[in-house]
Amino acid sequence: QVQLVESGGGLVQTGATLRLSCAASGLTFRAYAMGWFRQGPGKEREFVAAINWSGRSIYYANSVKGRFTISRDNAKNTVYLQMNSLKPEDTAVYYCAARNNDVLGYTAAVYDYWGQGTQVTVSS
C-alpha cells in the first residue's frame, strides 16, 4: 500500500521559513517523479513544484520561484519543500504527490498518489 505522509506545516509570520517533508512508502521511490501542490481557502488545488527522480530536473510555479526549493533524498524516500520568505498568500494545505513516470507533471491529474496534506498558515 502506497503512503505519502507530509509533515512540517504550521503557523508562521510573514517572512518566516518552513520546511515541509513528505515520506513515501510502498513504492519504488526512485521510479517516481514527485510534486508539491497546494490548495488555499476557496481556491482550486494548484501546482507548486516538481522534481524528477535524480533531482536534475526541477520546475516551479512562478508564484514561488526564487523563494521555494524542492529536493529529494532517495535513500530516505523523502521529498522536501523548503519555503523561504513566506507570504500570507502562501497560506494553504500543502500536498505531496507521486507520479509513476520520470517526466515532470504540472497538473494534478497526472499524479498517481497523494498525501493527506499539511496546513501552512502565514499571518500578516
Side-chain angles (χ1 to χ4, degrees):
Q1 180 182 0
V2 175
Q3 281 194 311
L4 302 177
V5 180
E6 301 98 335
S7 60
L11 171 62
V12 297
Q13 292 187 332
T14 297
T17 293
L18 279 176
R19 188 195 196 201
L20 305 183
S21 299
C22 172
S25 61
L27 52 72
T28 304
F29 189 66
R30 292 171 62 93
Y32 285 74
M34 300 297 294
W36 284 96
F37 288 75
R38 67 187 182 185
Q39 187 165 14
K43 298 181 180 179
E44 294 187 353
R45 192 169 298 192
E46 65 173 357
F47 169 78
V48 175
I51 187 169
N52 79 326
W53 78 270
S54 68
R56 293 192 183 100
S57 183
I58 289 174
Y59 189 77
Y60 297 100
N62 287 336
S63 59
V64 306
K65 199 174 296 183
R67 299 188 299 122
F68 290 11
T69 302
I70 188 172
S71 62
R72 65 189 293 163
D73 185 337
N74 289 338
K76 296 182 178 179
N77 284 8
T78 301
V79 62
Y80 304 97
L81 186 68
Q82 177 72 36
M83 305 187 296
N84 299 332
S85 303
L86 282 162
K87 306 175 181 180
E89 50 264 43
D90 294 319
T91 294
V93 177
Y94 283 72
Y95 299 90
C96 76
R99 183 185 189 195
N100 191 4
N101 188 308
D102 198 41
V103 176
L104 297 185
Y106 315 125
T107 60
V110 303
Y111 284 84
D112 301 293
Y113 302 104
W114 291 83
Q116 82 290 348
T118 185
Q119 177 71 47
V120 172
T121 303
V122 185
S123 64
S124 56

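Small disclaimer: the values here were computed from a predicted structure and weren't measured.
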Of all pairs that satisfy salt bridge (Lys or Arg N to Asp or Glu O under 4.0 Å), the ones with a partner from residues 42-53, not counting sequence neighbours
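Every pair satisfying salt bridge (Lys or Arg N to Asp or Glu O under 4.0 Å) with a residue in residues 42-53: Arg38-Glu46.
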Pairs where residues 54-76 contributes a residue and the test salt bridge (Lys or Arg N to Asp or Glu O under 4.0 Å) is met, not counting sequence neighbours:
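Pairs touching residues 54-76 that pass the test: Arg67-Asp90.
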May I ask you to decide if [Y]'s main-chain N or O and [X]'s side chain share a donor-acceptor pair within less than 3.5 Å?
X: Thr118; Y: Gly9; value: yes
X: Glu6; Y: Gln116; value: yes
X: Ser85; Y: Gly15; value: no
X: Thr91; Y: Val122; value: yes
X: Tyr60; Y: Ile70; value: yes
X: Asp102; Y: Trp53; value: yes
X: Asn77; Y: Phe29; value: no

Could you grab the distance from atom [atom1] of [X] to atom [atom2] of [Y], nearest 0.5 Å is fine?
X: Met34; Y: Asn74; atom1: CE; atom2: CG; answer: 10.0 Å
X: Thr28; Y: Arg30; atom1: OG1; atom2: CZ; answer: 10.5 Å
X: Leu18; Y: Leu11; atom1: CG; atom2: CG; answer: 9.5 Å
X: Lys87; Y: Ser124; atom1: NZ; atom2: OG; answer: 14.0 Å

Could you tell me whether the side chain of Phe68 reaches within less than 4.5 Å of the side chain of Trp36, counting heavy atoms only?
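No, side chains not in contact.
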Is any side-chain heavy atom of Asp112 closer than 4.5 Å to one of Leu27?
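No. Closest side-chain heavy atoms not under 4.5 Å.
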List the atom of Arg99, the atom of Val103, and the distance in Å for their closest heavy-atom pair.
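Heavy-atom minimum between the residues: NH1-O, 2.9 Å.
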Consider only side-chain heavy atoms of I, L, V, M, F, W and Y, link residues closer than 4.5 Å, and tell whether [X] and [Y] are in one cluster.
X: Leu86; Y: Tyr80; answer: no
X: Ile51; Y: Val2; answer: yes
X: Tyr95; Y: Val79; answer: no
X: Tyr59; Y: Leu20; answer: no

Walk me through whether Leu104 and Tyr106 qualify under side-chain contact (heavy atoms from CB on, under 4.5 Å).
CA-CA 7 Å; Leu104 297 185; Tyr106 315 125; 3.9 Å; yes
My understanding is that only residues two or more places apart in sequence, or in another chain, count here; which of them pass ring-ring contact (aromatic ring centres under 6.0 Å, His included) with Phe37?
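By the ring-ring contact (aromatic ring centres under 6.0 Å, His included) rule, Phe37 matches Phe47, Tyr111, Trp114.
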